[in-house]
Amino acid sequence: MTNSQMKTAEIRVRFAPSPTGYLHVGGARTALFNWLFARKHRGTFILRIEDTDVERSSEDMVEGILDGLRWLELDWDEGPYFQSQRLMLYRQRAQALVQSGDAYYCFCSPEELAAKRQRAGADPSRWQYDRSCRSLPQEVVRAKLQAGVPRAIRFKVPLDGSTIFEDRVYGRIEVHNRDIEDFVLLRSDGHPTYHLSVVVDDADMGISHIIRGADHLSNTPKQVLLYRAFGLDLPVFAHLPLILGPDRSRLSKRHGATSVTAYREMGFVPAALRNFLALLGWSPGDTKQEIFSTEELIERFSLDAISKSNAVFDFEKALWMNGQYLRAMSAEQLEPLVREELKKAGLWREELAGEKRAWFLHLIDLLKVRARTLTYFVEAGRPYLSDEYPIEPKAMKNLRHPQLRELLPELAHRFEQLHPFTLETTERVLRELAAERGVKAGLLINAVRAALTGSAVTPGIFDVIVAVGQERTVHRLRRAVDWIDEAEARAR
RNA sequence: GCCGCUAUGGUGUAAGUGGUUAACACGCCGCCCUCUCAAGGCGGAGACUGGGGGUUCAAGUCCCCCUAGCGGUACCA
């Protein structure tokens with residue numbers, strides 16, 4: 001099989017982050033789309049680290065990105081390759097373009113360029129490189145090289161005509177070559193710029209489809225020019241609409257949680273985040289379904305259904321979706337995840353995996369309907385796992401009723417005598433007491449809820465009572481009387 | 001500034017090749033359920049499809065102009 005046959009036959013895609021920051025949701029979405037596409041077509045998903053900007057890249061960031069991908073369960077088939085380890089290749093290719101007349105040495109120093117830019121007038125960003133080195137006489141070039149003058153290599157962009165390519169998402173893109181400056185391929189320190197390394201690597205690694213953020217759309221013509229100069233066939237380009245913050249500017253740190261790590265820490269489940277991200281800029285078509293298993297996502301994914309307009313990241317919907325996933329999981333599935341959260345909060349005890357496991361699983365079932373994140377199990381679970389729990393003001397309010405001072409001890413007394421202590425018996429006792437004293441059951445129920453959990457919002461009260469257990473329930477009901485007294489004292 | 005792209009309710013998206021009162025999900029409001037809050041069920045408000053011109057019997061869907069937003073315009077990626 002020849003190389004070109006291989007390329008057309010095989011789907012090879014890549015995720016190529018630069019380690020200048022953590023993996024953020026935009027990058028994760030790009031990785032996800034590449035991954036879905038690869039899995040759908042039984043292709044190869046390659047991970048490549050674009051660390052050619054030595055100043056801004058760091059190994060910590062590389063680890064962070066790999067961690068993020070692993071957590072999202074986006075497994076790669078090849079790599080990670082590091083561009084920093086392929087520098088010779090880029091130098092050779094840049095050199096070859098100088099040889100073929102498609103590129104030239106530029107001896108202008110960054111300082112000179114900055115100065116020229118300044119002089120250019122009102123708006124410095126309007127300035128385009130003046131190509132002063134493009135037609136330096138041979139002897140001058142030779143002399144400067146001999147003298148060891150620092151030099152970059154620039155691409156010789158055609159002076160007229162235009163560059164056209166077909167984007168799988170955005171369609172035909174055309175730009176006039178006069179709007180493209182002679183961009184740098186190789187920096188004077190021997191490091192390649194993005195345009196060079198990306199083209200060299202994508203070609204070298206046999207990438208068939210380049211799926212990446214639309215922020216690269218405007219620069220793609222430069223790369224198309226490079227493919228031509230190298231005599232390479234173009235891969236398929238598919239640019240993805242950008243992910244925006246609520247204010248419609250590009251999603252960034254100031255919008256709050258943007259790193260994948262942040263979502264993990266907030267208690268998101270990978271499958272939920274994947275599902276949510278998949279629906280940002282892509283649509284499964286005419287269906288009412290919102291929740292898709294990974295298999296369904298792979299099955300339905302298509303480049304054709306990617307939209308062209310940028311998408312605002314709706315955190316509320318992400319939370320909703322995570323809640324859907326948590327609710328759909330069984331207590332057994334949730335247990336290891338909840339366990340991790342409890343450990344972090346210092347609430348974990350080994351007996352929860354031993355003799356109290358069944359009780360613990362039941363507790364998870366009680367709490368999960370209300371959960372939108374994993375961390376919810378910590379806050380909501382605290383009163384069941386510890387005797388230290390905060391009393392919220394709303395709960396305190398439910399305790400402040402004149403009759404409770406007397407009703408609560410009586411209920412405690414009756415509960416203490418109760419055998420067996422079940423959903424049915426506790427409910428009967430409580431309702432009987434309420435009826436006897438002519439108060440609404442709700443009054444008593446809300447007070448018990450406050451006493452037992454410190455909260456005004458919990459699962460059904462009898463579930464709570466049984467989960468807390470007879471002994472602790474009795475104790476907490478009596479202790480609540482002290483709370484009432486303290487509150488009264490404070491009020492005076 | 002220049003170049004490019006985009007434009008459907010607050011948000012994400014639907015609405016084969018133009019064809020009845022623009023659909024779904026999140027969010028919001030209300031009702032049911034009920035011991036609270038969720039979940040669930042039911043219902044509602046919310047879009048003259050960015051604006052203006054065309055083409056057509058008929059346009060969210062085609063064309064032009066404008067506007068806005070975003071992206072690019074680096075020896076960043």
Side-chain angles (χ1 to χ4, degrees), chain A residues 16-20 50-53 55-57 106 108-110 113-114 117 121-123 125-129 150-154 167 170-171 173-176 178-181 183-189 191-195 197-198 212-222 239 241-242 244 246 248-250 276 279-291 305 307-321 323 327 367-372 394-395 398 427 430-431 440-450 455-462 464:
Chain A
S18 63
T20 54
E50 310 221 321
D51 53 353
T52 56
D53 183 353
E55 298 287 301
R56 304 196 305 154
S57 300
C106 174
C108 304
S109 69
L113 294 173
R117 207 182 305 261
D123 189 354
S125 67
R126 194 172 165 177
W127 188 75
Q128 220 187 57
Y129 176 58
R151 75 281 183 176
I153 292 179
R154 283 183 186 271
D167 187 86
Y170 288 92
I173 303 288
E174 171 172 6
V175 303
H176 295 289
R178 70 173 118 85
D179 293 322
I180 306 175
E181 76 169 350
F183 54 97
V184 171
L185 297 174
L186 200 69
R187 291 183 258 237
S188 48
D189 65 1
H191 285 271
T193 60
Y194 173 69
H195 303 299
S197 57
V198 82
R212 58 168 27 163
D215 47 340
H216 290 294
L217 192 61
S218 299
N219 279 325
T220 305
K222 290 179 184 168
H239 287 89
L242 267 21
L244 273 25
R248 295 211 145 263
S249 71
R250 227 221 278 212
F276 178 72
L279 265 21
L280 238 40
W282 172 77
S283 162
D286 197 1
T287 171
K288 295 179 180 182
Q289 194 178 342
E290 292 281 320
I291 306 296
S307 62
K308 293 196 264 265
S309 50
N310 295 342
V312 172
F313 188 99
D314 184 353
F315 185 67
E316 278 299 321
K317 186 163 182 178
L319 272 180
W320 166 80
M321 189 165 284
R327 210 160 303 132
L367 299 179
K368 79 176 186 188
V369 235
R370 257 154 287 250
R372 296 208 292 176
K394 266 189 183 169
N398 288 337
E427 176 159 14
L430 183 143
R431 289 192 189 280
K440 283 206 219 156
L443 173 74
L444 213 40
I445 286 172
N446 284 322
V448 171
R449 190 189 322 279
S455 171
V457 175
T458 73
I461 194 62
F462 305 105
V464 172

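These values consider heavy atoms only, across backbone and side chains, with no hydrogens, waters or symmetry-generated copies. Throughout, a chain's letter reflects where its sequence line sits, starting with A, and its residues are numbered from 1.
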Asks: Whole angstrom is fine here: how far is it from CG in A/Leu430 over to P in B/U36?
Replies: 14 Å
Asks: Take A/Lys222 and A/Ala16, find for each the nucleotide of RNA chain B with the closest heavy atom, and name the residue whose nucleotide sits nearer the 5' end.
Replies: A/Lys222
Asks: Mind checking A/Pro241 for me? I need base, sugar-phosphate or nothing, with any heavy atom below 4.0 Å counting as a touch.
Replies: nothing
Asks: Could you let me know what B/G40 is paired to, Watson-Crick or G-U wobble, both distances under 3.5 Å, or none if it's on its own?
Replies: B/C32
Asks: Please state the C1' separation for the pair B/A15 and B/U21 - nearest whole angstrom.
Replies: 15 Å
Asks: Just call it for A/Thr20: base, sugar-phosphate, or nothing, with non-hydrogen atoms closer than 4.0 Å on any strand.
Replies: nothing
Asks: Does any donor-acceptor pair link the side chain of A/Thr458 with the base of B/C37 at a separation under 3.5 Å?
Replies: no
Asks: Heavy-atom nearest nucleotide on RNA chain B for A/Pro150 versus A/Phe462: which residue maps closer to 5'?
Replies: A/Phe462
Asks: A side-chain contact here means heavy atoms from C-beta on lying under 4.5 Å apart; do A/His191 and A/Ser197 qualify?
Replies: no
Asks: Which one, B/G71, B/C75, B/A14, comes nearest to the side chain of A/Asp215?
Replies: B/G71
Asks: Searching all strands shown, indicate the nucleotide that pairs with B/A23 (Watson-Crick or G-U wobble; both distances under 3.5 Å).
Replies: B/U13
Asks: Across the strands shown, which category fits A/Ser218 at heavy-atom distances under 4.0 angstrom: base, sugar-phosphate, nothing?
Replies: base
Asks: Classify A/Gly460 by what it touches in the nucleic acid, base, sugar-phosphate, or nothing, heavy-atom distance under 4.0 Å.
Replies: base
Asks: Determine which nucleotide pairs with B/C2, using a 3.5 Å limit on both distances of a Watson-Crick or G-U wobble pair.
Replies: B/G72
Asks: Counting only distance, no hydrogens or angles, is the base of B/C37 paired donor-acceptor with the side chain of A/Arg370 under 3.5 Å?
Replies: yes
Asks: For the side chain of A/Ser188, starting at C-beta, report the closest nucleotide among B/C75, B/C24, B/C35.
Replies: B/C75
Asks: Can you establish whether the number of heavy atoms outside A/Glu55 located under 6.0 Å from its atom CD is more than 12?
Replies: no
Asks: Please state how far atom CD1 in A/Ile173 lies from atom P in B/U6, giving the value in whole angstrom units.
Replies: 7 Å
Asks: Determine the contact category for A/Asn219: base if any of its heavy atoms lies under 4.0 Å from a base atom, sugar-phosphate if only primed atoms, P, OP1 or OP2 are that close, otherwise nothing.
Replies: base
Asks: Mind calculating the distance between NZ (A/Lys308) and P (B/A14) to the nearest angstrom?
Replies: 11 Å
Asks: What is the distance, to the nearest angstrom, from the CZ atom on A/Arg56 to the P atom on B/A77?
Replies: 7 Å
Asks: Report the relative orientation of the aromatic rings in A/His195 and A/Phe183; use parallel for angles under 30°, tilted for 30 to 60°, perpendicular for over 60°.
Replies: perpendicular
Asks: For A/Glu50, answer base if it contacts any base atom (sugar-phosphate contacts may also be present), sugar-phosphate if it contacts only those atoms, and nothing otherwise; contact means non-hydrogen atoms under 4.0 Å.
Replies: sugar-phosphate
Asks: Report the distance from atom OG of A/Ser188 to atom CD1 of A/Ile153, rounding to the nearest 0.5 Å.
Replies: 11.0 Å
Asks: Classify the nucleic acid contact of A/Thr52 as base, sugar-phosphate or nothing, counting any heavy atom under 4.0 Å across all strands shown.
Replies: sugar-phosphate
Asks: Between A/Lys222 and A/Glu181, does any NZ, NE, NH1 or NH2 come within less than 4.0 Å of an OD or OE carboxylate oxygen?
Replies: no
Asks: Please tell me if the side chains of A/Pro459 and A/Leu367 come closer than 4.5 Å, counting only heavy atoms from C-beta onward.
Replies: yes
Asks: For B/A39 and A/Arg372 - does any side-chain N or O of the residue sit under 4.0 Å from the phosphate oxygens OP1/OP2?
Replies: no
Asks: When rounded to the nearest Å, what value does the distance between C1' atoms of B/G54 and B/C28 take?
Replies: 39 Å
Asks: I'd like the P distance from B/U20 over to B/U49, given in whole Å.
Replies: 15 Å
Asks: Quick one: label A/Arg248 by what it contacts on the DNA or RNA (base, sugar-phosphate, nothing), any heavy atom closer than 4.0 Å.
Replies: sugar-phosphate
Asks: Could you state the CG-P distance from A/Asn310 to B/U13, rounded to the nearest angstrom?
Replies: 9 Å
Asks: If B/C62 has a Watson-Crick or G-U wobble mate with both distances under 3.5 Å, name it; if not, just say none.
Replies: B/G54
Asks: Please determine, for the side chain of A/Val175, which listed nucleotide (B/U36, B/A77, B/G4) has the closest atom?
Replies: B/G4
Asks: Rounded to whole angstrom, note down the P distance from B/A68 over to B/A25.
Replies: 36 Å
Asks: Can you tell me, in whole Å, how much space there is between the P of B/A47 and that of B/G10?
Replies: 7 Å
Asks: Expressed as a whole number of Å, how far does the P atom of B/C29 sit from that of B/C35?
Replies: 23 Å
Asks: To the nearest 0.5 Å, tell me how far A/Asp215 CG sits from A/Arg250 CZ.
Replies: 4.5 Å
Asks: Among the nucleotides B/C35, B/C24, B/C75, which one has an atom lying closest to any side-chain atom of A/Glu290?
Replies: B/C24
Asks: When you get a sec, tell me which of B/C26, B/U36, B/U13 is the closest nucleotide to the side chain of A/Lys317?
Replies: B/C26
Asks: Go through it in stages, so that I can follow the logic: the residues are A/Tyr129 and A/Cys108, the test is side chain to side chain contact (heavy atoms under 4.5 Å, CB included), and I'd like the CA-CA distance, side-chain angles, deciding distance and then a yes or no.
Replies: CA-CA 10 Å; A/Tyr129 176 58; A/Cys108 304; 3.4 Å; yes
Asks: Give none if B/U8 has no partner; otherwise give the nucleotide forming a Watson-Crick or G-U wobble pair with it, both distances under 3.5 Å.
Replies: none
Asks: So if I take every side-chain heavy atom of A/Asp179 and compare against B/C2, B/G27, B/C35, which nucleotide ends up nearest?
Replies: B/C2
Asks: Considering only side-chain heavy atoms of A/Val312, which listed nucleotide, B/C26, B/C35, B/G12, is closest?
Replies: B/G12
Asks: Could you tell me whether A/Ser309 contacts a base, only the sugar-phosphate backbone, or nothing, with contacts defined as non-hydrogen atoms closer than 4.0 Å?
Replies: sugar-phosphate
Asks: Would you mind classifying the nucleic acid contact of A/Glu174 as base, sugar-phosphate or nothing, using non-hydrogen atoms under 4.0 angstrom?
Replies: sugar-phosphate
Asks: In whole Å, what is the span from the CG atom of A/Leu319 to the C1' atom of B/A38?
Replies: 14 Å
Asks: What is the distance, rounded to the nearest whole Å, between atom NE2 of A/His176 and atom P of B/C2?
Replies: 14 Å
Asks: On a whole-Å scale, what distance lies between the P atoms belonging to B/A45 and B/G4?
Replies: 44 Å
Asks: Taking the P atom in each of B/A74 and B/G27, what is the distance between them to the nearest angstrom?
Replies: 44 Å
Asks: Do the side chains of A/Pro241 and A/Trp282 get nearer than 4.5 Å, heavy atoms only?
Replies: no
Asks: Round to the nearest Å and state the distance from A/Glu181 atom CD to B/C3 atom C1'.
Replies: 13 Å
Asks: Assign A/Leu279 to base, sugar-phosphate, or nothing according to its heavy-atom contacts below 4.0 angstrom with the strands shown.
Replies: sugar-phosphate
Asks: Could you give the distance from CG (A/Asp167) to NZ (A/Lys308), rounded to the nearest 0.5 Å?
Replies: 9.5 Å
Asks: Give the nucleotide from the list B/A25, B/A77, B/G71 with an atom nearest to the side chain of A/Asp53.
Replies: B/A77
Asks: Give one of base, sugar-phosphate or nothing for A/Ala311, where a contact means two heavy atoms less than 4.0 Å apart.
Replies: sugar-phosphate
Asks: Measuring from the side chain of A/His216 (C-beta onward, heavy atoms only), which nucleotide among B/C3, B/A77, B/A74 has the closest atom?
Replies: B/A77
Asks: Applying a 4.0 Å non-hydrogen cut-off, can you work out what A/Leu113 is touching in the nucleic acid: base, sugar-phosphate, or nothing?
Replies: base
